[in-house]
Amino acid sequence: MEENNYDYVAVEQKWQDNWFEANINVARREKNKKFFIHFAYPGVSGYLHVGHMRGFTYCDVIARYKRMTGYDVLFPAGFHASGIPSVGFAKKVERQDPDTIRLLKQNGCTPECIKRLTDPIEVINYFSKVYVDDYWKRFGFFIDYTRLMNTISDGYKKFIQWQFHKLHDKKLLIQKPHYAPYCPNCGPVAVDKSETDVSQGGSAEILDFTVLKFTLNDGTILPAATLRPETIFGVTNMWVNPTVEYHTALVNSETWICSKECIQKLSYQYDHVKPLDKTIIGKDLIGKTCIVPETNREVPILAGVFADPSVATGIVMSVPAHAPYDWIALVESKENIEAIKIIDVKGFGNNPAKEACDQLGIKSQTETEKLNEATDLVYKKEFHTGVLNGKCGKYAGIKISEIKDTVKNDLIQRNLAATMKEFSEPVICRCKENVVIKQIPDQWFIKYSDAPLTQESKDYAATMNIYPPEYKDELPKILDWFGDRAAIRLGSWLGTEFPYKKDWIIEPISDSTLYPAYYVISSYVNQKKIAIPDMTDAFFDYVFLGIGSPKDKIWQTIKSDFDYWYPVDINLGGKEHKTVHFPVYIMNHVAIMPEQKRPQGIFVHWWVTQKGKEKISKSKGGAEPIVEAAVTYGVDAMRLYYLHIGSPFVDIEWDPETVLKYKNRIINIWRLVGQIALLKDGKQENLDNWLKSSLQRRIKKILTAFEALDLRVASNEIYFELQKDLQWYLKRGGANQKLLHHFVRSWIVLMTPITPHLAEEFWITQGQKQFVSNEPYPEFNSKDISEKDEVGEYLLNRVIDDTIEIMNVTKIAPKKICIYTSPAWKQKIFRKAIASAAGNNFNVGSLIKETLVDPAMKSLGQQVSQFVAKIAPEIKTYSEIDRARFMIPLDEKKHLSDAKTYLTDALHCPVEIYSADDADLNDPAKKIKFATPLRPAIYIE
RNA sequence: GCCCGGGUGGUGGAAUCAGGCAGACACAAGGGACUUAAAAUCCCUCGGAGGCAACUUCGUGCGGGUUCAAUUCCCGCCUCGGGCACCA
């Protein structure tokens, strides 16, 4: 290896080959002290990009640190294969989606390979291999690859069925109606932002409308849908669209008039909806009247062109005092109807809707943008600060924010209203059909709302190690908020069959809650030491819960493994898991696992984004493929980048130029270490002691940081501060080969968890034969601490800084520089002052008096009082570290004199060093009086 | 709407948990050294204003408050982002 030519690609490859050949990554039980860490397993349905490697890297660094500090480390990994993503990917390949095909070709996928990927199982197999070979091994991760597993394997399915049997036993599986997106052609669909199933409307929300039953004279229901049921008290009229043909239907035993679209939608949500033949054009309804439920007032039906048949029921109730749309429509209708104000709210008068319209200058129903703004304004204000007034019967005096659901539930209970679910925007299936919301009357849920389970989970979470701490505060709130989760789904997706309903499949969040436990078993499954049929409920009961007796010797072996490794010490995942995966992970463990097997810690990391905080994506150009990036930057540079560029708890912006800087830094460290060997050996006691001491300080800080999983601080100390220390030492003329050798050896070991390839390569240059990855991590050695020399170098630095500052301000080109350290009497007073400041009883007057008791001081009278007055405000601001520094006895003159050569070099000018106590002084400019401890006076000639 | 997290130099971001020198560490920029040149490397400057001696002064989204002391704590705003349940 050439000194200036660090071929990282070859180095990385070499060490990965060596490591994995030696099975260094396989978890072993040796030290009777274990650490179990894993990352939330990724879905396997596409290539990953550089952003994904961030969390994986954190995990590997922590695992490597732990194994070097005396732990048996279990760091397994697996693949989340259940759900629809792989099915979606296979579908794309099948329909020859151009982007997908291009992507596969770019990544070296052959035509035969592409053909195979029309099968979701092949998609999973293909990407599982890519992740392992091209990503994880390529990054040098010490994952125990003998335990790889996925969530659709036969063994895993047995495990999940056991889990659901347990949930059922504990009465945590319940049935109740559920509403889910549904395509009349394709069945259940997922509405999500990635739009796997749908071609439009991926970010739609499901809105919960209240349908109020207004009645016509003949008893027919005119259903109006609203999100504000409490405004029923302010209804003055109805709006129907005069040009729309309304349909009728028998809903339960009532006849409803509403839009055709509404009947279609309701037929999926209600049990008994029977369309009738009778239709009626909107204009024929106009002029009729209907009865308002609850208040029983009679109100007219008017023409409103904005009533959209595709939204909710197609019929709108009018509350002109509180809805800007209604107000403007009423004005335009020229009807003589008075608005009814039912909400008192600060900042508005008798008609909030009118006032908001006037404020924005709205004149017509067609000004939808402004009308939306006005609606928003009125609604927000009323929701937060509004109170129902005397016109609202028994609800009078109650805040809007508290009453909404009460009114709704009361009306429903008295059959005056119903509910209707509706998307906030149109959702179109891939097959072009409109997606509807379908009721599933007896959906199975996991009962996360269960009060004892929630409470126990909150109590338990409070005892966990959670990074960042903010998330720990958030968790109880999330656990409270977390409601029942629909756990199964009918349709074409992968997963475990639900044991209590044939053909239904357990959904992918619910099958990923206890899975780290399965890593203990997957090792034996992969080695075929246990057969799938033997993995019965009794087996899992025995291994996990200690119930029953072993049917086989292997059961005992597995149980002993489980008892050794479990629980998980750190589960690491991205911030997207905060509100979904981690809560169910905790709750399922609390529900099913014994207390001593519950998770110990969670580490949440944020994302890698593109410039401008956008989520990284291929289309926006930020998604550098991992394999190419590894070649461009080097794996160690990327690992260091992830650790150092920002705290784990902020989003970082991917910036190729910055990554290149880290690459250069690695190469620079390589060169720097290479140069050391060429130095001519030499000793300088002060300086050598300083380097030794400094190294120990760094080690202490690094260990503290790693223990707190503060990876950023650890990496900063290792790659920046230690390098700075070494450079300072060399610049100062340090050349103690034995010491340098010790320093470099320690440095290499310190680097190992973060840049392991570089470290291994360094290690052999030090004549070592074993893996540095197996070395013990350095420990703090207090014997090497030399406070005197630390303070000495601090003093030296300060003198140089001050001198340069003076030269800059005065623009003097120096011929000679004189440095005067402070007299002994000043040092004495200073220490005394510091001591009393530390004891919190610092007082200028008493200090002067006490000092002057000493006859030697008395002769200096004036000077003493001036000095004390001057240092007083300064001393008050000192931190503990600052104060400690002044208490260390140091011969300032001697330390500076020892460094005279360096001072002369650094300041490019001859330097003379005096103590103010010296008999023979050269002080032409009378600068000496400025000298204070650790702050010598300086005179520039 | 509900829950949560942010707002600090030209930039990414430290310090916020526990009030105590704001801007660590880096990037970019400018100046200098070295070099035939470039790259790399090294040195210096780098929030604003002022300053010819070891400084002064203003400054952490806005408005108040507590305190000897507030980026940090409290109250009220503005604003950006995330999550919200069948995507994982």
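Protein chains get the first letters and strands the later ones, always in sequence-line order, with residue 1 at the start of each. Just so it is clear, the values below take in all heavy atoms, side chains as well, and ignore hydrogens, waters and symmetry mates.
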Over how many whole Å does the gap from A:Asp802 atom CG to B:C55 atom P extend? 7 Å
Using the P atom as the reference point in each nucleotide, state the distance between B:C68 and B:A14 in Å, no decimals. 32 Å
Separation of B:U45 P from A:Ile800 CD1 (nearest whole Å): 12 Å
Are the side chains of A:His605 and A:Phe649 in contact, using a 4.5 Å heavy-atom criterion? no
Just how far is it from atom CD1 of A:Ile928 to atom OG of A:Ser822, taken to the nearest 0.5 Å? 9.5 Å
By the 4.0 Å heavy-atom rule, please label A:Leu227 as base, sugar-phosphate, or nothing. nothing
Determine the sole option in A:Tyr515, A:Tyr585, A:Phe56, A:Tyr131 for which the ring pair (Phe, Tyr, Trp, His ring centres under 6.0 Å) test with A:Tyr41 is passed. A:Tyr515
Protein-nucleotide distance (A:Asn668, atom CG; B:A39, atom P), rounded to Å: 16 Å
A:Ile505 vs A:Thr496 side-chain heavy atoms within contact, under 4.5 Å: no
Assign A:Gly43 to base, sugar-phosphate, or nothing according to its heavy-atom contacts below 4.0 angstrom with the strands shown. nothing
Using whole Å, report how far CG of A:Leu907 lies from P of B:C44. 11 Å
Indicate, with a heavy-atom threshold strictly under 4.0 Å, whether A:Pro188 touches base, sugar-phosphate, or nothing. nothing
B:A54, B:C25, B:A88: which one has an atom nearest the side-chain heavy atoms of A:Val580? B:A88
Return whichever of A:Leu490 or A:Ile940 has its heavy-atom-nearest nucleotide of RNA chain B closer to the 5' end. A:Ile940
Provide, to the nearest angstrom, the distance between the CH2 atom belonging to A:Trp670 and the C1' atom belonging to B:U41. 18 Å
Say we look at B:G31 and B:A22: how far apart would their C1' atoms be, to the nearest angstrom? 27 Å
Sugar-phosphate only, base, or nothing, as touched by A:Arg489 at under 4.0 Å among non-hydrogen atoms: base
Interatomic distance, A:Trp444 atom CH2 to A:Asp484 atom CG [nearest 0.5 angstrom]: 13.0 Å
Is there side-chain contact between A:Leu722 and A:Gln727, with at least one heavy-atom pair below 4.5 Å? no
Which whole-number value in Å describes the distance from A:Lys578 NZ to B:C87 P? 21 Å
With respect to the side chain of A:Val650, which nucleotide from B:C25, B:A26, B:A14 is positioned closest? B:A14
What form does the base of B:G32 take, syn (within 90° of 0) or anti? anti
On the ring face of A:Phe209, is A:Lys421 found with NZ or CZ under 6.0 Å from the centre and within 45° of the axis? no
Checking all strands, does A:Phe482 fall into the base, sugar-phosphate, or nothing category for heavy-atom contacts under 4.0 angstrom? base
A:Val911 side chain reached by A:Thr803 side chain, heavy atoms, under 4.5 Å: no
By the 4.0 Å heavy-atom rule, please label A:Pro936 as base, sugar-phosphate, or nothing. base
Applying a 4.0 Å non-hydrogen cut-off, can you work out what A:Lys927 is touching in the nucleic acid: base, sugar-phosphate, or nothing? base
Among B:A85, B:G82, B:A88, find the nucleotide with the atom closest to the side chain of A:Trp607. B:G82
Between A:Lys929 (NZ) and B:A54 (P), how many Å, whole number? 11 Å
How would you label the contact of A:Glu205 with the nucleic acid (heavy atoms, under 4.0 Å): base, sugar-phosphate, or nothing? nothing
Pick base, sugar-phosphate or nothing for A:Ala937, based on heavy-atom distances below 4.0 Å to the nucleic acid. base
Short of 4.0 Å, heavy atom to strand atom, which residues of residues 712-720 of chain A count as contacting RNA chain B? A:Arg712, A:Asn716, A:Phe720
Using atom P of each nucleotide, how far apart are B:G6 and B:U72 to the nearest Å? 13 Å
If you assign A:Lys661 and A:Ser512 each to the RNA chain B nucleotide with the nearest heavy atom, which residue ends up on the more 5' nucleotide? A:Lys661
Looking only at side-chain atoms of A:Arg935, point me to the closest of B:A54, B:A88, B:C17. B:A54
Inter-nucleotide C1' distance (B:C43, B:C34), Å rounded: 11 Å
Phosphate contact (B:A14 OP1 or OP2) by A:Ser647 side-chain N/O below 4.0 Å: yes
Out of curiosity, A:Ile666 CD1 to A:Tyr6 OH, how far, rounded to the nearest 0.5 Å? 7.0 Å
Regarding A:His577, tell me which of base, sugar-phosphate or nothing describes its non-hydrogen contacts under 4.0 Å with the strands shown. nothing
Given side chains that start at C-beta, do those of A:Ile488 and A:Lys501 come closer than 4.5 Å, heavy atoms only? yes
For B:G19 and B:U67, measure between their P atoms and round to the nearest Å. 16 Å
So which nucleotide from B:G83, B:C25, B:C4 ends up closest to the side chain of A:Lys724? B:C25
Atom OH of A:Tyr585 and atom C1' of B:A88 are separated, to the nearest Å, by 17 Å
A:Glu507 CD to A:Arg489 CZ distance, which is reported to the nearest 0.5 Å: 9.5 Å
From CA spacing to verdict: side-chain contact (heavy atoms from CB on, under 4.5 Å), A:His644, A:Tyr719: CA-CA 9 Å; A:His644 187 259; A:Tyr719 295 89; over 6 Å; no
Give one of base, sugar-phosphate or nothing for A:Thr579, where a contact means two heavy atoms less than 4.0 Å apart. sugar-phosphate
In whole angstrom, give me the gap between the P atoms of B:G20 and B:C74. 15 Å
Secondary-structure string, 5' to 3', Watson-Crick or G-U under 3.5 Å, | for another-strand partners, for RNA chain B: (((((((..(((.......[....))).(((((.......))))).((((....))))..(((((..]....))))))))))))....
Side-chain N or O of A:Lys477 closer than 4.0 Å to phosphate OP1/OP2 of B:C4: yes
Interatomic distance at P, B:G65 relative to B:C52, whole Å: 38 Å
Got A:Tyr156 and A:Ile160 here, is their nearest side-chain heavy-atom distance under 4.5 Å? yes
Taking B:C75 as the reference, what is the distance to B:A18 when you measure between their P atoms (whole Å, please)? 15 Å
